[in-house]
There are 2 protein chains.
Amino acid sequence: MAEREADRSVSHTVRAQLALRDLVLSGRLRPGERISELQAVEITAVSRTPVRMALVRLEEEGLLEAIPSGGFMVKAFSERDILDSIELRGTLEGLAARFAAERGVSSRDLEPLKECLNEIDGLVRQDPISVEAFSSYVALNARFHALLTELSRSPPLIRQIDRASALPFASPSGFVMAQSALPEARQILLIAQDHHRVVVDAIENREGARAEAIMREHARLAARNLRLALRNRTHLDLLPALALVTAG
Amino acid sequence: MAEREADRSVSHTVRAQLALRDLVLSGRLRPGERISELQAVEITAVSRTPVRMALVRLEEEGLLEAIPSGGFMVKAFSERDILDSIELRGTLEGLAARFAAERGVSSRDLEPLKECLNEIDGLVRQDPISVEAFSSYVALNARFHALLTELSRSPPLIRQIDRASALPFASPSGFVMAQSALPEARQILLIAQDHHRVVVDAIENREGARAEAIMREHARLAARNLRLALRNRTHLDLLPALALVTAG
DNA sequence: GAATTCGATTCTGTATACATTTGGTATCCG
DNA sequence: CGGATACCAAATGTATACAGAATCGAATTC
């Protein structure tokens, strides 16, 4: 709540959208809970009009759900929904990788991607990986996936991937990986990094089918890991669980 | 403009959304053209607030594009965009078919799908297919794809497919297939119908990989046909061209 | 004659007032 | 004592008024 006077450049609508999205992703509003406009007005400190615009956008984005009788509530997702979303995104990113490979990319376009890979390498090479390093990894991983998506040079596909990534991969704000889970997480990161390298190689050599296959495999791994995590800690909340996936 | 007092049950926002969507899909507003709120208010006969809501929704839907300086314009699509969208939808529907096959469907769930197939059969069996029969086919085909999508029983995937279908397969209103193109179109329909039958068979026998492959193939055929259609008639408008695709 | 600047008009963004509908509670009747 | 009905409160849906920004045109200057 320190950004009351910050970002005077952006519109009220956007500010409201950001504030309300954070409200949902932080978990302060539980799934299924109704979010009233009055409440939203108090939180965002703008009037009802931009608040309503933000609510409509968040509904289209998939974070909220319209209540038939009026108003919105935080959308609830089942474990199945999340797992499906992971596979869905993997499929879309597979298509993006194939497009990139088939259409060819210049070495100039690949440069930022490789640089991203190297930065990730630097992080995962530390053996007892630190909590901060893991958080950095999550951000870099998101960057890698975004860059890869861009390589497809297909606006409709990029748009679709953005939408598909909106919910299941929206990193819950303020979440940090538990110290105890770090060694296990590092092993997963190493495999994921291997996938990353393979897909870049496949794109570079214009092997569309291989590029697509590896991204699908990448997603299946993420789904498997999430399933295991949910099994082990019996009542792990879905929201923090999403953060695990974000690392995939 | 005869629905001034019709549909008093639905909200003004929804009515405005429908009216504006029709405005775009009918081609009365060309791609790139700006749509002002005042204009929209005159057309929809509701005030600016619900009009704005409708515009935001149509933007998220992909029919409109926000102008940086404010307001919205009709989104313009390149031939590449449309072709990519077809492949994109094919990929998503392939995933849906695989989910359906892997998770298994009861014969009760397959019944409406098979009934739909039979109805289509009745249409395409007529050798000189009529203009009306072709229009019916387009509607039935859309129904088949929707039913197939539902079989995946995956809300996130269904939602995504709906979004992906929004633009490139939104049948331009009032479009009818030219008489001269009908024989050629019938050949395409016969192949498409064959695909339909194969995918249903694959799902019934729980062959996920085969179900997925055939839907992808189905999309590739649609893309190829559109490409050919655009080549032959050199300056065929994209909007009517979309109607051709809707038959795929 | 062309370009630039100033001004007016129009549009969007925002706020607020009004109306209709929904949901809840309390009271009354069976 | 239970259920139904009526009334009240609150929230959504809608309309409109107001302010700031952008765009277009015209006039002036170089």
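Numbers restart at 1 for each chain; the letters A, B, ... are given by sequence-line order, proteins then strands.
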Using whole Å, report how far CD1 of A:I35 lies from P of D:dT12.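 Spelled out: CD1 on A:I35 to P on D:dT12 is 10 Å.
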Counting neighbours of CZ on B:R143 that are heavy atoms of other residues, nucleotides or ligands and sit closer than 6.0 Å, is the number greater than 12?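 Atom CZ in B:R143 is not packed in, count stays at 12 or less.
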Whole angstrom is fine here: how far is it from CZ in B:R48 over to P in D:dA17?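 One finds 12 Å between P of D:dA17 and CZ of B:R48, rounded.
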Using a 4.0 Å heavy-atom cut-off, does B:T49 contact any base of the nucleic acid, only the sugar-phosphate backbone, or nothing at all?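 B:T49: base contact, heavy atoms under 4.0 Å.
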Presence of salt bridge, A:D109 and A:R153, under 4.0 angstrom: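 Salt bridge flag = no for A:D109 with A:R153.
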Would you confirm whether B:Q160, through its side chain, and A:Q160, through its main-chain N or O, come within 3.5 Å as a donor-acceptor pair?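 Yes; at least one donor-acceptor contact below 3.5 Å.
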Given DNA chain D, 5'-ward residue of the pair A:E37 and B:V46, judged by closest heavy atom: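 Upstream on the strand: A:E37.
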First contact, last contact: which nucleotides of DNA chain C are these for chain A, 5' to 3', heavy-atom distance under 4.0 Å?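 Both ends considered, the range comes out as C:dT14 to C:dG23.
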B:R30 backbone acceptor or donor facing B:E33 side chain under 3.5 Å: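 Yes; judged by distance alone, with no hydrogens or angles, the pair exists.
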Test side chain to side chain contact (heavy atoms under 4.5 Å, CB included) applied to A:S154 - qualifying residues, sequence neighbours left out: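 A:S154: side chain to side chain contact (heavy atoms under 4.5 Å, CB included) contacts with A:F99, A:R103, A:S152, A:P156, A:L157, B:D84.
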Rounded distance (Å) that lies between atom C1' of D:dG13 and atom CZ of B:R15: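 Going from CZ in B:R15 over to C1' in D:dG13 covers 12 Å.
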Please report the distance, rounded to the nearest Å, between CG in A:L38 and P in D:dA9.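 In whole Å, D:dA9 P and A:L38 CG are 17 Å from each other.
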For A:R57, which residues count as a salt bridge (Lys or Arg N to Asp or Glu O under 4.0 Å) partner, sequence neighbours excluded?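 With sequence neighbours excluded, A:R57 shows a salt bridge (Lys or Arg N to Asp or Glu O under 4.0 Å) to B:E59, B:E60, given in chain and number order.
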Under the rule for side chain to side chain contact (heavy atoms under 4.5 Å, CB included), what residues qualify as partners of B:S36, not counting sequence neighbours?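 Here the qualifying residues are B:L38, B:Q39.
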Can you sort out the partners of A:E115 under side chain to side chain contact (heavy atoms under 4.5 Å, CB included), two or more places apart, ordered by chain and number?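 By the side chain to side chain contact (heavy atoms under 4.5 Å, CB included) rule, A:E115 matches A:E119.
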Kindly compute the distance separating CG (B:D81) from NZ (B:K75), expressed to the nearest 0.5 Å.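 If we round to the nearest 0.5 Å, B:D81:CG and B:K75:NZ are 8.0 Å apart.
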Expressed as a whole number of angstroms, how long is the span from A:H12:NE2 to D:dA19:P?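 Going from A:H12 (NE2) to D:dA19 (P), I get 15 Å.
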Can you check the A:R34 CZ to D:dA11 C1' distance for me, whole Å?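 One finds 7 Å between C1' of D:dA11 and CZ of A:R34, rounded.
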Show each protein N/O and nucleotides 20-22 of chain D N/O combination with a separation under 3.5 Å, one pair to a line.
none

